[in-house]
Amino acid sequence: MSLTISAAGQDSPGDIRPAPYQVAWQDQEFGVILHFSTNTFLDREWGDGTASPSVFNPTQFDPDQWMKAIRDSGAKYVVLVAKHHDGFCLWPTGQTNYSVKSSPWKDGMGDVVGDVARAARKYGLKFGVYLSPWDRHEPRYKDSAEYDKYYNAELEELAQNYGDLVEFWLDGAGSAGHVYDFKKIIETLRTYQPNTVVFADTGLFEYGDARWVGNEAGIVNYENWNVIDRHGYLRWRPVEADTPLRNLHWFWHPNDEASLKSLDALLDTYDKTVGRGAQLMLGVAPDNRGLLPDSDVKRLEEFGAALRKRAENNLVLHRERSSVGFEAALDGNPDTFWSAPAGSRHAEIEVDFDKPVTFDHALTMEWLNDGQHIQKYAIEIWSEPDKVWKRIAEGQAIGHKKIDQFPSVTARRVRLNILSSTSEARIREFQLYDWGAQKPKENGPR
Ligand code: FUL
């Protein structure tokens, strides 16, 4: 029996399991999507396909500089836009001359895709590509069958020549009304890349491996389940939230400093994406020199440093030894998980401290390899004067990672109360933090 795909009505969402490559991808949590093409030189977001290849000429192209900053941000992989909607190809494809081959950059001998893939791996980042289906340059686009052949041939090159691809980004923009042979496209990809996560809007075709969140604001607005039905077709489709580092801009633009997002905005995005069980895909754009602007580098470094600092003070690691039996959920190690008794539908994990601790965030991770099972939970503290458990947060989905924020509380006993699960609950991590105390006070000393 296949457990990754099922017709609705035969299985329930709790029966559907992720593929191993989806689990591995969800563990990456945070990736970067890179936009760098003719648009970079023309102050454009969407090229119309008429730009001359001669405009593509970065004089200080240095993907190592990009990757160092991206690695420092905490991202684990990059997806390069190998062809955006304007049709210009960043690798010397054999399918068209509308590519770097016809540009003055490196006298037409360059290969951005190859250079970026190498730099990414040098910095320990996985690599993936975006190949826009919508193509405003290629004349064959008007003929669906001919264009499918063209697109497939491009994909064959990318899938065979640049090593393992962690994610293949299928963008639905501009494609309304156009028919693509996605069955063939995914067959081509899978022949060479069995473990690539295919990202696609659920509207584009039925069997994407990851789905679009529905906005580019960097926010998951709902209880987030991994198993989503499309036309009676249940499948594990974790959600990815893509949002650019500069407000509303995926490509670099001159005199655009004001659009750079603040560190607070990025942390808020992190909590509303990764902290709601989603993948965060942050847009980063090299400038027309072929370098990331200094301000972007600085912001990426600050973001990574802040994430690392936040992760340092997990109060649960300083608990009393009496929280016996739950170690695997309380050890700070997401590679171990605690399991409730087989067949149970309700469970509690309690953490006891020697002295009362103050905290304002909880971070919980569900072990998903066997499916997403927790459907209702609460975080509670023991009130000594009243002798009752008081609820400080509650929700339905936990999923890969859930960050709950609440007004600061102080307690000696805390519990994760799993109120309902469709099979025994499995918890990789339950952590508590006092992140409010880490923030510089507005009027405090600088
Ligand atoms: C969108 C595109 O239209 C934007 O230009 C950008 O590439 C973004 C990541 O996806 O659908």
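Counting begins at 1 with the first residue of the sequence. In each ligand, atom 1 is the first atom listed, and ligand 1 is the first ligand listed.
Taking the centre of each ring, Tyr151 and Tyr180 stay at or above the 6.0 Å mark. Checked against a 6.0 Å centroid threshold, the rings of Trp66 and Phe36 count as neighbours. Taking the six-membered ring for Trp and the full ring otherwise, the centers of Phe30 and Phe303 sit less than 6.0 Å from each other.
Trp250 and His35 have tilted rings, their planes meeting at an angle from 30° to 60° on a 0 to 90° scale.
Residue contact check for ligand 1: Met281 places no non-hydrogen atom closer than 4.0 Å to it. For the ligand labelled ligand 1, residue Tyr130 lies inside the 4.0 Å heavy-atom shell.
Within the listing of ligand 1, atoms 3 (O), 11 (O) sit less than 4.0 angstrom from a heavy atom of Ala173.
In terms of N/O distances under 3.5 Å, ligand 1 is approached by His84. Below 3.5 Å of separation, one finds an N or O of Trp46 facing an N or O of ligand 1. Polar contact check, His35 against ligand 1: a nitrogen or oxygen pair lies under 3.5 Å apart.
Of the protein's heavy atoms, His85 NE2, 2.8 Å lies nearest to atom 3 (O) of ligand 1. Nearest to atom 1 (C) of ligand 1 among the protein's heavy atoms is Asp171 OD2, 3.1 Å.
Arg136 forms no cation-pi arrangement with Tyr98, by the criterion of a distance under 6.0 Å to the ring centre and an angle within 45° of the ring axis.
With respect to Asp209, the side chain to side chain contact (heavy atoms under 4.5 Å, CB included) criterion is satisfied by exactly one of Arg235, Arg237, Glu167: Arg235.
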